[in-house]
Amino acid sequence: MEPVSFGVVGVGGYARVHLHAVKVLEKEGLGKLSSVVIRNPSKYKDEIARLEGKNVNIYKSFEDMLENEAGNVEIIALPVAIHQHKDMTITALKAGFNVLVEKPPAVTIQDLDEMIRVERESRGFCAVGFQSQSENTVRGLKKRICGGKLGEIREVVVKGRWKRLDSYYERNAWAGKFIYDGKYVLDGTVANPLSHYLMNGLYFASMKWGETASPVRVRAELYRAHRIEGEDTSCLEVEVENGARVFFFATLCGPTNEMPVHEIVGSKGTAKWTKGQDVHIEYGNGEVEIIKDDGADERIEVFRNAARYLRGVDSKLNCTLSMTRPFVLTLNGAYESAGTIRDIPKRYLTIKKEGDSVSTLINGIVEIIDEASEQRKLYSDLGVEWAYPTRYFSLKDYRFFKMSL
Ligand SMILES: NC(=O)c1ccc[n+]([C@@H]2O[C@H](COP(=O)([O-])OP(=O)(O)OC[C@H]3O[C@@H](n4cnc5c(N)ncnc54)[C@H](OP(=O)(O)O)[C@@H]3O)[C@@H](O)[C@H]2O)c1
């Protein structure tokens, strides 16, 4: 297939992963890096020297790239800050480009709906960087779910426990923010670092290929242990359209970084998948099936899929804007249900210096999340001392998120 021409906005932060992915496709003859936007040249002297040596067009602004690359760049990759996703995606689609936007594509349902509408009216497409949907294990399990091998899906339980130091929140101006630059960011476990796993929960809860299950109502608790505006610890119970329940337990205040764990319970079997490992399925008739992880880097697969889709080799994008609508609805419903983000008092935390930064641990969080996921209960249901009960929030006809803390 003819190599697909990419333009990447930014060269720092997660943009490095995008540049690497395009480089891998370039080696395979499937893609090429045509242009990048570097808005702060003094910050990226080495990158500029390297890219100039490779004949990559370097622009000082996104608008310059759009103006000059029509007919050359085919897919614009947007590994930019969350609050920039909507406007930049829409601008690129309207200018006739295809887009690969990072996750979450938007953090309010009104923004996502606008993006979906503009994509429909445009000639192009917008792929989303939720990369789990490009993993062979996740896709293999989804195929079996859609084929009815696990029966009716009843519960999906997801646990994510990561450890993020203060330096994580100091890396840019929007990290840990609820609102930045007048726009919602909702940065936290649900919208950002562990969002892949909530997305997976909704993906596995749907028995339709290429779809995620739509939430009917959500009950959620949001907390912060770090001195941030956003949340760093959450729990959600999501009732979806087919009656299944999705549970999501997450923290960025764990003692270590653990690979997130998924448990999918169906009427005919149960599947377990820990990120990076094989899927184990135990069927009701006693049979066991393993789906082997093929070892591919799913972040590269996102780019491969977009390139192959553009050339008509793949018939579908692995993650579309529409597929993320249940995720964004659930995210908004979680904030509506929680009503606010509660501070976890210092007496429940261990805060200490670590290297050049500071770590924040919620005491006992590993056991709390294990118990909550085993019992299918939220933290307040368990009587956790720092937890506050919340109510279900109905997402029927929900179209607009507007909330302040
Ligand atoms: N899929 C995943 O697993 C994954 C993992 C991590 C992050 N992400 C996503 O990746 C995105 C970026 O996250 P991050 O933490 O890397 O953010 P970040 O630290 O803010 O980095 C954003 C980068 O984009 C550049 N940029 C933003 N607007 C630009 C513009 N108009 N023109 C040129 N460059 C521009 C910035 O350039 P300057 O340095 O010049 O400011 C910076 O290099 C977010 O959506 C995040 O959710 C995804």
Side-chain angles (χ1 to χ4, degrees), residues 7-21 35-48 51 56-67 69 76-92 95 99-107 111-112 115 126-135 138 160 162 164 167-177 180-181 183-200 230 252 257 259-260 275-276 297-303 305-306 318-319 324 327-328 331:
V8 179
V9 180
V11 292
Y14 197 69
R16 293 181 202 282
V17 172
H18 281 213
L19 294 170
H20 173 69
S35 73
V36 295
V37 183
I38 301 182
R39 63 179 174 184
N40 291 309
S42 58
K43 198 170 154 187
Y44 297 109
K45 285 187 185 132
D46 291 351
E47 283 82 355
I48 290 173
L51 292 166
V56 174
N57 299 329
I58 301 175
Y59 297 99
K60 280 214 176 92
S61 78
F62 179 53
E63 292 70 24
D64 274 358
M65 179 162 93
L66 296 185
E67 237 176 76
E69 292 292 334
I76 292 190
L78 294 175
V80 296
I82 290 172
H83 60 283
Q84 300 174 296
H85 288 183
K86 183 196 89 170
D87 288 346
M88 293 176 81
T89 298
I90 286 179
T91 307
V99 175
L100 197 171
V101 66
E102 258 315 317
K103 48 71 0 201
V107 292
D111 280 0
L112 186 75
M115 291 162 83
C126 179
V128 182
F130 272 121
Q131 65 254 19
S132 296
Q133 280 56 49
S134 290
E135 294 205 47
V138 171
W162 282 358
R164 289 292 178 266
S167 50
Y168 170 79
Y169 293 105
E170 289 154 4
R171 77 187 192 284
N172 60 39
W174 59 269
K177 293 281 195 304
Y180 179 73
D181 206 13
K183 293 178 183 149
Y184 287 116
V185 184
L186 310 189
D187 190 24
T189 55
V190 190
N192 191 11
L194 291 163
S195 60
H196 299 282
Y197 310 104
L198 175 58
M199 177 69 184
N200 291 349
L252 299 177
N257 284 313
M259 285 299 189
K275 179 164 170 43
D297 182 337
E298 64 276 12
R299 298 168 305 178
I300 295 168
E301 296 312 304
V302 170
F303 279 75
N305 170 241
N318 294 344
C319 187
T324 69
F327 165 83
V328 178
L331 166 67

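Just so you know, ligand 1 is whichever comes first in the structure, and atom 1 is the first atom listed for that ligand. What you see below is based on every heavy atom in this structure, not just the backbone, and it leaves out hydrogens, waters and symmetry mates.
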Can you tell if the side chain of Met88 reaches within under 4.5 Å of the side chain of Phe62, non-hydrogen atoms only? yes

Test item: side-chain donor near acceptor, Glu102 and His18, under 3.5 Å: yes

Give the contacting part of Ile38 toward ligand 1: side chain, backbone, both or neither, where contact means a heavy-atom distance below 4.0 Å. neither

Out of the candidates Val36, Val37, Asp64, only one should pair with Ile58 under the side chain to side chain contact (heavy atoms under 4.5 Å, CB included) rule; please name it. Val36

Taking atom 17 (O) of ligand 1 as the reference point, the nearest protein heavy atom with its distance: Trp174 CZ2, 3.3 Å

Which residue owns the protein heavy atom closest to atom 43 (O) of ligand 1, what's the atom, and how far is it? Gly12 N, 3.1 Å

From the candidates Val185, Asp87, Val37, Asn40, the one that places a heavy atom nearest atom 40 (O) of ligand 1: Asn40

When only distance counts, is Val80 in polar contact with ligand 1, meaning an N/O pair under 3.5 Å? yes

Going by distance alone, is a donor N or O of one side chain under 3.5 Å from an acceptor N or O of the other, for Asn192 and Lys103? yes

Numbering as shown, the atoms of ligand 1 that approach His196 to under 4.0 Å (heavy-atom distance): 1 (N), 2 (C), 3 (O)

Atom 41 (O) of ligand 1 sits nearest the protein heavy atom Arg39 NH2, 2.8 Å

Under 4.0 Å from ligand 1, counting heavy atoms only, is it the side chain of Asn172, its backbone, both or neither? side chain

For ligand 1, is His85 a contact, meaning one of its heavy atoms is under 4.0 Å away? yes

For Gln131, atoms of ligand 1 separated by under 4.0 Å from a heavy atom: 1 (N), 2 (C), 3 (O)

Asn305 side chain to Asn318 backbone, donor-acceptor under 3.5 Å: yes

Would you mind listing which atoms of ligand 1 come within a distance below 4.0 Å of any non-hydrogen atom of Gly13? 16 (O)

Give a yes or no on whether a salt bridge exists between Asp181 and Lys183, defined as a side-chain N under 4.0 angstrom from a carboxylate O. no

The closest protein heavy-atom partner of atom 16 (O) of ligand 1 is Tyr14 N, 2.7 Å

Is it the side chain (CB and beyond), the backbone, both or neither of Lys103 that lies under 4.0 Å from ligand 1, heavy atoms counted? both

Quick one: nearest non-hydrogen protein atom to atom 31 (N) of ligand 1, plus distance? Met88 CE, 3.8 Å

Determine, using heavy atoms of Ala15 and all atoms of ligand 1, whether some pair is separated by less than 4.0 Å. no

Pi-cation contact, Tyr14 with Arg16 (under 6.0 Å, within 45°): no

Is Asn40 reaching over with its side chain to a backbone N or O of Lys43, donor-acceptor style, under 3.5 angstrom? no

Per-atom contacts, ligand 1 versus Lys43 - under 4.0 Å to a heavy atom: 38 (P), 39 (O), 41 (O)

closest protein heavy atom to atom 12 (C) of ligand 1 is Pro79 O, 3.2 Å

Could you walk me through whether Gln133 and Asn200 pass the side-chain hydrogen bond (donor to acceptor under 3.5 Å, both in side chains) test, one step at a time? CA-CA 8 Å; Gln133 280 56 49; Asn200 291 349; 3.0 Å; yes

Please list the nearest protein heavy atom to atom 15 (O) of ligand 1 with its residue and the distance rounded to 0.1 Å. Arg171 NH2, 3.0 Å

Flag the pair Leu51 / Val11 as yes when at least one side-chain heavy-atom distance between them is below 4.5 Å, and no otherwise. yes

Using only atom types and a distance under 3.5 Å, with no angle test, would you say the side chain of Asp187 pairs donor to acceptor with the backbone of Gly176? yes

Selected option - heavy-atom contact closest to atom 9 (C) of ligand 1, from Lys60, His83, Glu102: Glu102

Which of the atoms of ligand 1 are close to Asn192, meaning less than 4.0 Å from one of its heavy atoms? 47 (O)

Would you please say whether a donor-acceptor pair under 3.5 Å links the side chains of Tyr59 and Glu69? yes

Identify the protein heavy atom lying closest to atom 25 (C) of ligand 1, giving its residue, its atom name and the separation to 0.1 Å. Gly10 CA, 3.9 Å

